[in-house]
> 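My questions will all concern the structure given below.
Letters A, B, ... mirror the listed sequences (proteins, then strands); counts begin at 1.
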Number of protein chains: 2
Amino acid sequence: MQISSRFSIGVHILSLLAIRPQDHHTSEWLAGSVGTNPVVIRRVLGHLKKAGLANVKAGSGGATLARELDEITLLDVYRAVDVVEEGNLFHVHEQPNPACPVGANIEQVLRLMMFKAQAAMEGVLAAVTMRELVDVLAREIEEKRAANG
Amino acid sequence: MQISSRFSIGVHILSLLAIRPQDHHTSEWLAGSVGTNPVVIRRVLGHLKKAGLANVKAGSGGATLARELDEITLLDVYRAVDVVEEGNLFHVHEQPNPACPVGANIEQVLRLMMFKAQAAMEGVLAAVTMRELVDVLAREIEEKRAANG
DNA sequence: TTCGTTGTAAAAATTATAGTTACAACTCAT
DNA sequence: ATGAGTTGTAACTATAATTTTTACAACGAA
């Protein structure tokens, strides 16, 4: 099964905050770009806020970045939105038979391998900052704008 | 969300076939070690069979390895049991607004990063063979046996 | 021909995601 | 202070995937 779109939505939100710093980023406005319901946005934004990545003003409304783009990695976002319980990307079957030598020992061996696989994946996310992603995105936008007029 | 336990069950099954080559591996027998229902075993075994990793005899019953342990990587098992549609570990939200510059371009940028992350994870799985895993497992079993008497 | 087994379908239980409605609490401009 | 617009959150619904379970036709070997 797939990793929840909360992650991609979180990245989308932070990108919007970065690229359009002057706008009033209400959940309604953000939802318009993401293509979902404002409540979904508020929930993701709640995670980002808790993780110290975004500020959200209650009442008058509007979200802003709480950190420099250089200081936010994709892993920060990934962890913030809680898509995978830490260290548990893989689900290991839960009742191996302890009376069978294989059943009694397979779990720890499997977890070791899975941990490495997961760490490699997270390492890539940790190596990419929102600054880099937003730069690529901005270039992408500019290129299309230049091409289409 | 987590990657289905079909993967860990698949590895468990192949380990049993390797470590106890003389036994009659019916789905009932395998289910006893894995701690699940025989039908679950038959389904996973069906995937392993289709991928050319295991042989299953209908009628009289019993599964065996269809390849040398050196020639089965964890990635082979991972792909065989179909836990993640190829290239889609991450779910990207599906209706970004094409009228918004960010909405129109975020998807392809995101997919690039996600592809790299996923490839890193799969690279680790590809680097581990069932031979290595079974060796670690056998050592584990032997150590415990020596310690407990 | 009988026994034990596989392959598979179908249904149920469980769990997570995602969308939606609703509303109290909050901020700010007037 | 009050009203308009917004957030935070709960609750409900719909959807989808997983896992377990029951059932049974087809199969293989003694």
> For A:G35 and B:V39, find the nucleotide of DNA chain C closest to each by heavy atoms; which residue's nucleotide sits nearer the 5' end?
B:V39

> B:H25 has an atom NE2; how far is it from atom C1' of C:dG4, in whole Å?
17 Å

> Given the rule in the salt bridge (charged side-chain N to carboxylate O under 4.0 Å, His left out) test, do B:R111 and B:E107 qualify, once you have shown the distances and angles that lead to the verdict?
CA-CA 6 Å; B:R111 287 204 189 278; B:E107 184 169 343; 3.1 Å; yes

> Mind calculating the distance between CD1 (B:I13) and C1' (C:dT6) to the nearest angstrom?
14 Å

> Please report, rounded to the nearest Å, how far the C1' atom of C:dC3 is from the CD atom of B:E28.
14 Å

> What is the minimum heavy-atom distance between A:L14 and A:M130, and which atoms define it?
CB-CE, 3.7 Å

> Just to be sure I understand the rule, does B:K49 reach a base, reach only the sugar-phosphate, or reach nothing, if contact means heavy atoms closer than 4.0 Å?
sugar-phosphate

> Nearest 0.5 Å, what's the CG-CG distance between B:D23 and B:L17?
10.0 Å

> Want to settle it: does A:G46 or A:R43 sit nearer the 5' end of DNA chain D, counting the closest nucleotide to each?
A:G46

> Find which nucleotide of DNA chain C each of B:V56 and A:S4 is nearest to by heavy atoms, and output the residue with the more 5' nucleotide.
B:V56

> Under the 3.5 angstrom rule, does the side chain of A:N37 hit a backbone N or O of A:V39 as a donor-acceptor pair?
yes

> Rounded off to whole Å, could you give me the CG-to-C1' distance for the A:D82 and C:dA16 pair?
13 Å

> If you fit an axis to the five pairs at each end of the helix from C:dT1-D:dA30 to C:dT30-D:dA1, how big is the angle between those two axes, to 10 degrees?
20°

> Distance under 4.0 Å to a non-hydrogen atom of chain B counts as contact; along DNA chain D, which nucleotides mark the start and end?
D:dT18 to D:dA29

> Nearest-Å distance, NZ (B:K50) to P (C:dT6)?
19 Å

> With a 4.0 Å cut-off, would you call B:E122 and B:R79 a salt bridge?
yes

> Is it true that the side chains of A:K144 and B:N105 contain a donor and an acceptor less than 3.5 Å apart?
yes

> Could you give the CG-to-C1' distance, from B:L45 to C:dT8, as a whole number of Å?
14 Å

> Whether A:E143 and A:R139 form a salt bridge (side-chain N of Lys/Arg under 4.0 Å from carboxylate O of Asp/Glu) is what I want to check.
no

> Using modelled atom types and a 3.5 Å cut-off, is there a donor and acceptor pairing between side-chain atoms of B:S8 and backbone atoms of B:S5?
yes

> Indicate the atoms forming the closest heavy-atom contact of A:A18 with A:V134, along with that distance.
CB-CG2, 4.2 Å

> Could you check how far CD of B:E94 sits from P of C:dA18, rounded to whole Å?
9 Å

> So which protein nitrogen or oxygen atoms get under 3.5 Å of nucleotides 27-29 of chain C's nitrogens or oxygens?
{"unit_1": "C:dT27", "atom_1": "O4'", "unit_2": "A:A58", "atom_2": "O", "d": "3.4"}
{"unit_1": "C:dT27", "atom_1": "O4'", "unit_2": "A:S60", "atom_2": "N", "d": "3.2"}

> In this structure, how many angstroms lie between the P atom of C:dT6 and the CG atom of B:N37, rounded?
12 Å

> Does any non-hydrogen side-chain atom of A:H25 lie less than 4.5 Å from one of A:R20?
yes

> State whether the side chain of A:D70 and the backbone N or O of A:R131 hold a donor-acceptor pair below 3.5 Å, judged by distance alone.
no

> Quick one: do the A:H12 and A:S33 side chains pair a donor with an acceptor below 3.5 Å?
yes

